[in-house]
Amino acid sequence: MLAVAACVSAPEAVAPIDRDSLRELRWVAPGADAVAALTTRPVACAAKDAAGKESRSELDWQRERGRLAFESPALLGGAAARMGLSCASCHLNGRGNVNFFVEGVSGAPGTADVTSSLFSKVRGNGTFDPVPIPDLAARDGTQIRDRKSAAFREKVRGLIVEEFDGQPPPPDVFEAVLVYLDSLDVAHCADPSARTALEPFDDYGAAFSAMTAMVTQKGRPDAVLFYSRAARERLERLHERFAGRGDVPAQLEALSASLAQAATARDGGMPTVAIAEFSALAVALLNEAPKSLYTPEVLRAALEKQPPR
Ligand code: HEC
């Protein structure tokens, strides 16, 4: 009886997490403050939608689609994509990532060998030569400053297809990534060194934007498929951090299935059911967010149950 009473009054049990249940842990440097690394990121210094406008312009949407692709493993191939890496794993919010570390790819935390044979069949040079991950909004060092130039276009194509073994992306995706990269500039930030908290609605909003992209790309099956993968991967991130929290996981699974179905449907249209599911999900996320792994204290408790590696 006593034991039961103790159980009832104890704080909600937090299940331990590991690199399989929370993929981002795979590239957090040992010894780094994992809670800070997983719940905050450098502030984004991208151009913002012009204030006061009724709706986004096509250029705003294109930049948003580019950001989604940049943040999605769907843009990469090979070992990088299998690990769950995206461009943004190294360039968080288009900036750097001082905590990035992958065995065999990184030297000191925050560095990467982009000519590593792990990631590239073509560019692997057999030499371990990691360099600091640059802040793409700073455009400093050896970076190509003119992002509308043919040289920059070729550089980005090479990064995707050669350095990270990706498939040539659908044309809409590639153009959007270039627009996003060209929007990155520290001049857009009042304090470029600031960090922002990661919120569940960052991933939710990205999933919703990606679904919108599926609708606007209707008639281009390769682009629709790409954005459906981007959307579903953001739902997976929510799933990892809301595991065991109410009926959020079941809602995420149902929504992901709806998006998969919509991506292969002949008309490419979005079922109204997906829109309704998104609305219901927002309510559930709000309710469960304090207990999710987006909340630093909850994440800390879960990490403490993890055996040190
Ligand atoms: C494993 C970490 C990592 C990933 C993933 C990554 N980068 Fe980088 N990126 C780097 C490093 C390190 C450099 C600096 C070395 C270099 O320029 O080759 C760099 C440089 C760059 C530059 C500057 C190039 C220039 O000369 O102007 C751009 C642009 C860039 N990355 C975009 C991307 C895009 C787009 C992706 C996804 C397709 C991506 N990065 C994925 C680590 C990464």
Side-chain angles (χ1 to χ4, degrees), residues 23-24 26-29 32 37 41-42 44-46 62-125 127-170 172-186 226 229-230 233:
R23 288 170 302 171
E24 267 188 80
R26 294 174 186 173
W27 50 88
V28 174
R41 46 209 49 202
C45 296
Q62 206 180 8
R63 188 176 61 238
E64 174 72 355
R65 292 201 297 276
R67 180 180 72 90
L68 295 171
F70 187 83
E71 295 180 353
S72 168
L75 196 60
L76 309 183
R82 281 196 300 277
M83 270 185 83
L85 282 181
S86 68
C87 307
S89 306
C90 287
H91 305 288
L92 283 169
N93 272 342
R95 312 290 305 282
N97 179 359
V98 291
N99 297 309
F100 182 87
F101 182 87
V102 168
E103 190 73 53
V105 170
S106 305
T111 66
D113 175 5
V114 284
T115 48
S116 123
S117 326
L118 174 67
F119 290 152
S120 178
K121 289 199 286 269
V122 183
R123 298 223 179 147
N125 63 359
T127 313
F128 185 54
D129 43 10
V131 295
I133 299 166
D135 174 354
L136 302 182
R139 305 191 183 206
D140 55 5
T142 58
Q143 295 187 55
I144 301 170
R145 281 172 191 76
D146 181 0
R147 296 200 170 157
K148 292 192 170 71
S149 63
F152 188 71
R153 233 185 136 78
E154 181 48 31
K155 173 87 197 185
V156 175
R157 193 202 61 80
L159 279 169
I160 299 169
V161 181
E162 293 178 359
E163 289 198 11
F164 294 104
D165 286 351
Q167 293 296 312
D172 181 81
V173 173
F174 185 60
E175 297 306 323
V177 168
L178 290 171
V179 167
Y180 170 70
L181 291 171
D182 192 33
S183 79
L184 300 173
D185 193 329
V186 282
F226 183 93
R229 288 174 66 193
E233 194 269 331

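When a ligand or atom number is given, it counts from 1 through the structure's own listing order. The figures that follow rest on heavy atoms only: side chains count, while hydrogens, waters and symmetry mates do not.
For atom 16 (C) of ligand 1, the candidate residues are Val114, Asp146, Leu85, Thr111; the nearest heavy-atom contact is made by Val114. Between the choices Ser116, Ser106, Pro134, the shortest heavy-atom distance to atom 20 (C) of ligand 1 belongs to Pro134.
For the ligand labelled ligand 1, residue Leu136 lies inside the 4.0 Å heavy-atom shell.
Close approach of ligand 1 to Leu76 is summarised as follows: ligand atoms under 4.0 Å from at least one heavy atom of the residue are 37 (C), 38 (C). For ligand 1, the atoms sitting less than 4.0 Å from at least one non-hydrogen atom of Ile160 are 38 (C), numbered in the order shown with element in parentheses. Atoms of ligand 1 found under 4.0 Å from any heavy atom of Leu159, numbered from 1 in the order shown, are 28 (C), 30 (C), 31 (N), 32 (C), 33 (C), 34 (C). Every atom of ligand 1 is numbered from 1 in the order shown, and the set under 4.0 Å from a heavy atom of Ile144 is 25 (C), 26 (O), 27 (O). For ligand 1 and Phe152, the ligand atoms under 4.0 Å from any heavy atom of the residue are 29 (C). Those atoms of ligand 1 that come under 4.0 Å of a heavy atom in Ser86, given as number and element, are 5 (C). Of all atoms in ligand 1, numbered sequentially from 1 with element shown, those under 4.0 Å from a heavy atom of Ala112 are 1 (C), 2 (C), 12 (C). Every atom of ligand 1 is numbered from 1 in the order shown, and the set under 4.0 Å from a heavy atom of Gln143 is 23 (C), 25 (C), 26 (O), 27 (O).
Of the charged side-chain nitrogens involved, at least one lies within less than 4.0 Å of a carboxylate oxygen, so that Arg23 and Glu233 count as a salt-bridged pair. Salt bridge status for Arg65 with Glu175: absent, with no side-chain N to carboxylate O gap under 4.0 Å.
For atom 17 (O) of ligand 1, the closest heavy atom belonging to the protein is Lys155 NZ, 3.9 Å. At the top of the distance list for atom 1 (C) of ligand 1, counting protein heavy atoms only, stands Cys90 SG, 2.8 Å. For atom 34 (C) of ligand 1, the nearest protein heavy atom (residue, atom name, distance) is Cys87 SG, 3.5 Å. The protein non-hydrogen atom at the shortest distance from atom 15 (C) of ligand 1 is Val131 CG2, 3.7 Å.
A side-chain donor-acceptor contact under 3.5 Å links Gln143 to the backbone of Asp135. The backbone N or O of Ala37 lies less than 3.5 Å from no partner atom in the side chain of Asn99, so there is not a single donor-acceptor pair. Of the possible polar contacts, one joining the Ser149 side chain to the Phe152 backbone as a donor-acceptor pair under 3.5 Å is found. Although no hydrogens or angles enter the test, the distance criterion places no donor-acceptor pair under 3.5 Å between the side chain of Ser120 and the main chain of Ser117. Counting only distance, with no hydrogens or angles, the side chain of Ser72 and the backbone of Ala69 share no donor-acceptor pair below 3.5 Å. One N or O on the side chain of Asp165 and one on the backbone of Lys121 form a donor-acceptor pair closer than 3.5 Å. A donor-acceptor pair under 3.5 Å is formed between the side chain of Thr127 and the backbone N or O of Asn125.
Of the candidates Arg139, Arg147, Arg63, Asp182 forms a salt bridge (Lys or Arg N to Asp or Glu O under 4.0 Å) with just one, namely Arg139.
Taking any N or O of His91, backbone or side chain, at least one lies under 3.5 Å from an N or O belonging to ligand 1. For Val156, no nitrogen or oxygen atom sits less than 3.5 Å from a nitrogen or oxygen atom of ligand 1, counting backbone and side chain alike.
Of the heavy atoms in Pro130, none comes closer than 4.0 Å to ligand 1.
For the residue pair Thr115/Asp113, the side-chain donor-acceptor check at 3.5 Å is satisfied.
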